[in-house]
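So you know, we letter chains A, B, ... as the sequences are listed, proteins then strands, and number each from 1. Quick note: numbers below take in every heavy atom, side chains included, and nothing from hydrogens, waters or symmetry partners.
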2 protein chains.
Amino acid sequence: MKLLAERALLPNGWAERVLIETDASGCIVSVTPQAQREPGMESVRGFTVPGMPNVHSHAFQRAMAGSTELRLHTSDSFWTWRDTMYRFAAKIDPAQMQAIATHLYVEMLKAGFTSVAEFHYLHHDRGGKPYGDRAEMSHRLIASARAAGIAITHLPVLYAYGGFGSQPPTDGQRRFVNSADNFIALLESLDAQYRNSPHVRLGAAFHSLRAVDASMMRNVEDALARLDPTAPLHIHAAEQLNEVEECARWTGQRPVEWLLDNVGIDEHWCIVHATHLDDREVLRLAQSGAVAGLCPTTEANLGDGVFPAPAFLSASDRFGIGTDSHVVVSVFEELRMLEYGQRLMRHERAILASDDEPSPGRRIHVAASVGGARALGIHAGRIMPGCRADLVALDSDHRVFWNTELTKILDAWIFSGDSTCVRDVMVGGRWHIRDGRHALDADIGAACRSALTTLLLSL
Amino acid sequence: MKLLAERALLPNGWAERVLIETDASGCIVSVTPQAQREPGMESVRGFTVPGMPNVHSHAFQRAMAGSTELRLHTSDSFWTWRDTMYRFAAKIDPAQMQAIATHLYVEMLKAGFTSVAEFHYLHHDRGGKPYGDRAEMSHRLIASARAAGIAITHLPVLYAYGGFGSQPPTDGQRRFVNSADNFIALLESLDAQYRNSPHVRLGAAFHSLRAVDASMMRNVEDALARLDPTAPLHIHAAEQLNEVEECARWTGQRPVEWLLDNVGIDEHWCIVHATHLDDREVLRLAQSGAVAGLCPTTEANLGDGVFPAPAFLSASDRFGIGTDSHVVVSVFEELRMLEYGQRLMRHERAILASDDEPSPGRRIHVAASVGGARALGIHAGRIMPGCRADLVALDSDHRVFWNTELTKILDAWIFSGDSTCVRDVMVGGRWHIRDGRHALDADIGAACRSALTTLLLSL
């Protein structure tokens, strides 16, 4: 396939009339700026940027978006939100999961995400019993990604305990719980089924240090390495202050400190949130090669706090962005909130720009594209040979891009854009969004709406 | 005119099948829930909410939106941003102002704003000389509002000094500067021309305590009171920390403290930003009856800081929201950022909810509608007799509203909505936005784009 992009953001900057050739698998094989138009080339209008990997998704939580902003208690917090989330998690069935996730994944594509790491812990049936096929819910999520057309890194989550000190899981957690052995069997069966599936990648996750112990982590890591030594590993850590305090009470260490000392945190890892870090943890995490999985809109919505981005970025550009609870599904909103959280705390502007890159929007978009692909264990995130052809074309007719210099396009999108800036979206050489629409919008929308109706009635 | 709204947010809550009758001037004369459909009624689909007043606009700054996110210095701040803003302010001509403002005002309508307080200090020609008609730029802005269909509260701004201690204005401020006498003459001529114009309201503003002195303020207040004793008065105050420090150095008091002690701050006043307040200032400002003019997205973009909203709201619900620099033009983004700034600082959720109103979105939307109308000196902001028929209909088919209870509609819009949620917008009984479009979109867009092209070339 030969695409001729009017303007495209390449690793060394914006270029015009860029010929992008892809092979049958959807991988980019050559990129040629200033190309001549030839018959058989397909034109791509607007500003073409790398598709963004979404490093952190709990698809079912989209069902709650906008309906949890309620003070039900004298004060509301992450923990009261979690109670509401558990009510949804207790009821959703496989068909509802699939319908909700398929619609969500289409929304992600429309927002400029071309791949998603699904952090999946809702394994069992409503009673907490494994489905006939233990991987039932995994199959549903992977089917959702395929129907939408988004690439997926599927991360089954090990959740064994209800709290630090190997506390038993609560009733609200009954659908999440696996022994390490059962969990490894799940990974093996998924690997056998999806190993050669295009645009499906497998990895694993630990829910948090509350939910696993060190020996389990080692066993799972070893098992996963036997299946695929490059598979990604994710974990939630240091999202909430009282999680940090509890970890310190039980282990004598802060969560990220504990991970760095007790687990081989390296470039295969993504540490999700990592909001509350001391200076030494920031530096060590940056030096570990791991990706920080930031979810700025969820972290603002849940009142988690502000990631120490300037210190981290001065030592590593390995971070990605995730929509997590999906209170919004938007590339620009995540990146905007990442920068704005810093500005509100520090009373400066353009904080995440650097000496080499004066544009904060471009710096964080580029870093999150590359870091996100790393976190998902995929070759993507740049428009260059060897990367999958995951492309997002921004609408050059949109008001925010009028008279905007190429060097400022990403800033215009991120800081002044809205949900109508993304026009066309390609995953692995195939267009899934054209002019802001998906071919299956009507069916996918109707199925999701119907699933939400039955789900909400069941709560 | 008889409107039958499927669902409308009235002062005492959501109601269904609401008959809203208006008179020839566009004022609501009766509101009847549970009405029967009759011939001659016009149906309003979706969720109808009061149109939002925009308490603070510098229209010309929309020309810079998205293009100032650049680190041009070792660190960027409000003050380096102001240098860029002065470059735009130095060049814009009346025709460009009108084209840019008209487009901006259409964007405001599409975002759910139905009136705007234009804080206007760009009075003179590029050389700093008054135009043949001193009110030239004011006429352009009022003409823009009329062309778009938005109601305007026009606030000419007195700007006399370049800094505390009656420092002379800088060259970058040459277009802003008036003596108190010339300024009063400007107010008188505008009053003579627009006193009886529908949907045009006049008031006045002082740029900041940097830019005026106490005797000027008194003279202008007296002159304005002679023209119209209920006219609104606005001032920027306490936006930046070093403005607070400088004020304390020159006057011995913090800006809001000084205003409270030296000017009769009362319900005719809107204190714009008021970001940096000590506990006593918060309480006194709340008790003064003035409206706090909050501009959360601009305040985040400029790194101003976070308004002490919980303390203020516990004593007064008089605040409004403004899009100020127009880095974005969105009702939901302002309200979302207002709540999220609090969550990031305090590590809680639903912070701006109250004991009476558990929904933070609804509480702040209602307060900002009512407080905004107060700041603009207009009868609007509620769907009730005596208020202007300024209405916004949200699209009930939008994903964020599926299966959403009426009590959560505003939360869904504010926290999970996007720029496509607003469908129809009415000002003073006349629809200006239908299905997200303005009748003059093509012409207004082309004129704005052309104005931006020549403006940017002239920089």
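Both the backbone and the side chain of A/S359 come within contact range of chain B, with heavy atoms under 4.5 Å apart. Both the backbone and the side chain of B/T453 have a heavy atom closer than 4.5 Å to some heavy atom of chain A. When heavy atoms are compared at a cutoff of 4.5 Å, A/L70 approaches chain B by way of both its backbone and its side chain. For chain B, the nearby part of A/D304 is the backbone; its heavy atoms alone come within less than 4.5 Å. Only the side chain of B/E107 comes within contact range of chain A, with at least one heavy atom under 4.5 Å from a heavy atom of that chain. For a residue to count as touching a neighbouring chain, one of its non-hydrogen atoms must lie under 4.5 Å from one of that chain's; by this rule A/L455 does not touch chain B. In this structure, no portion of A/R362 lies under 4.5 Å from any heavy atom of chain B. With a threshold of 4.5 angstrom between heavy atoms, B/R336 approaches chain A through side-chain atoms but not through N, CA, C or O. In this structure, chain B has heavy atoms under 4.5 Å from both the backbone and the side chain of A/T68. Residue contact with chain A, scored on non-hydrogen atoms closer than 4.5 Å, is absent for B/L72. Residue B/L344 touches chain A through both its backbone and its side chain, counting heavy-atom pairs closer than 4.5 Å. With a threshold of 4.5 angstrom between heavy atoms, A/S354 approaches chain B through N, CA, C or O but not through any side-chain atom. In this structure, the portion of A/F78 lying under 4.5 Å from any heavy atom of chain B is its backbone and not its side chain.
Between B/N301 and B/E69, the side chains place a donor N or O and an acceptor N or O closer than 3.5 Å (distance only, hydrogens not considered). Donor-acceptor pairing under 3.5 Å is lacking for the side chains of A/E239 and A/T275.
B/R71 contributes a side-chain N or O that, together with a main-chain N or O of A/A353, makes up a donor-acceptor pair within less than 3.5 Å. Not one N or O on the side chain of B/H58 forms a donor-acceptor pair closer than 3.5 Å with the backbone of B/F60. Side-chain N or O atoms of A/E339 include one that pairs as donor or acceptor with a backbone N or O of A/L352 at under 3.5 Å. The closest donor-acceptor contact from the side chain of B/S419 to the backbone of A/S419 lies under 3.5 Å.
If you tally non-hydrogen atom pairs under 4.5 Å between each of A/G417, A/S330, A/A65 and chain B, the highest count goes to A/A65. The candidate from B/E357, B/H103, B/E299, B/M345 with the greatest count of non-hydrogen atom pairs under 4.5 Å with chain A is B/H103. Contact tally against chain A (heavy-atom pairs below 4.5 Å) for B/N403, B/L456, B/I409, B/I414: the top residue is B/N403. Per-residue heavy-atom pair counts under 4.5 Å with chain A were compared for B/H326, B/E348, B/H347, and the maximum is reached by B/H347. For the options A/Q342, A/R346, A/R449, heavy-atom pairs under 4.5 Å to chain B are most numerous at A/R449. Between chain B and the residues A/A63, A/P358, A/A350, A/S67, the most heavy-atom pairs under 4.5 angstrom are made by A/P358. Chain B forms the most heavy-atom pairs under 4.5 Å with one residue out of A/T404, A/T420, A/V400, A/V328, and that residue is A/V328.
At least one test fails for B/R349 against the ring of B/F415: distance under 6.0 Å to the centre or angle within 45° of the axis.
Aromatic pair A/F113/A/Y105: centroids not less than 6.0 angstrom apart.
Considering only heavy atoms from C-beta on, B/T297 stays 4.5 Å or farther from B/T323 through its side chain. A/P296 is not listed as a side-chain neighbour of A/Y340, based on a closest heavy-atom distance of 4.5 Å or more. Looking at B/S325 and B/M64, their side chains never come closer than 4.5 Å, going by heavy atoms from C-beta outward.
Among all heavy-atom pairs drawn from A/V327 and B/S416, the shortest one is O-OG, 2.6 Å.
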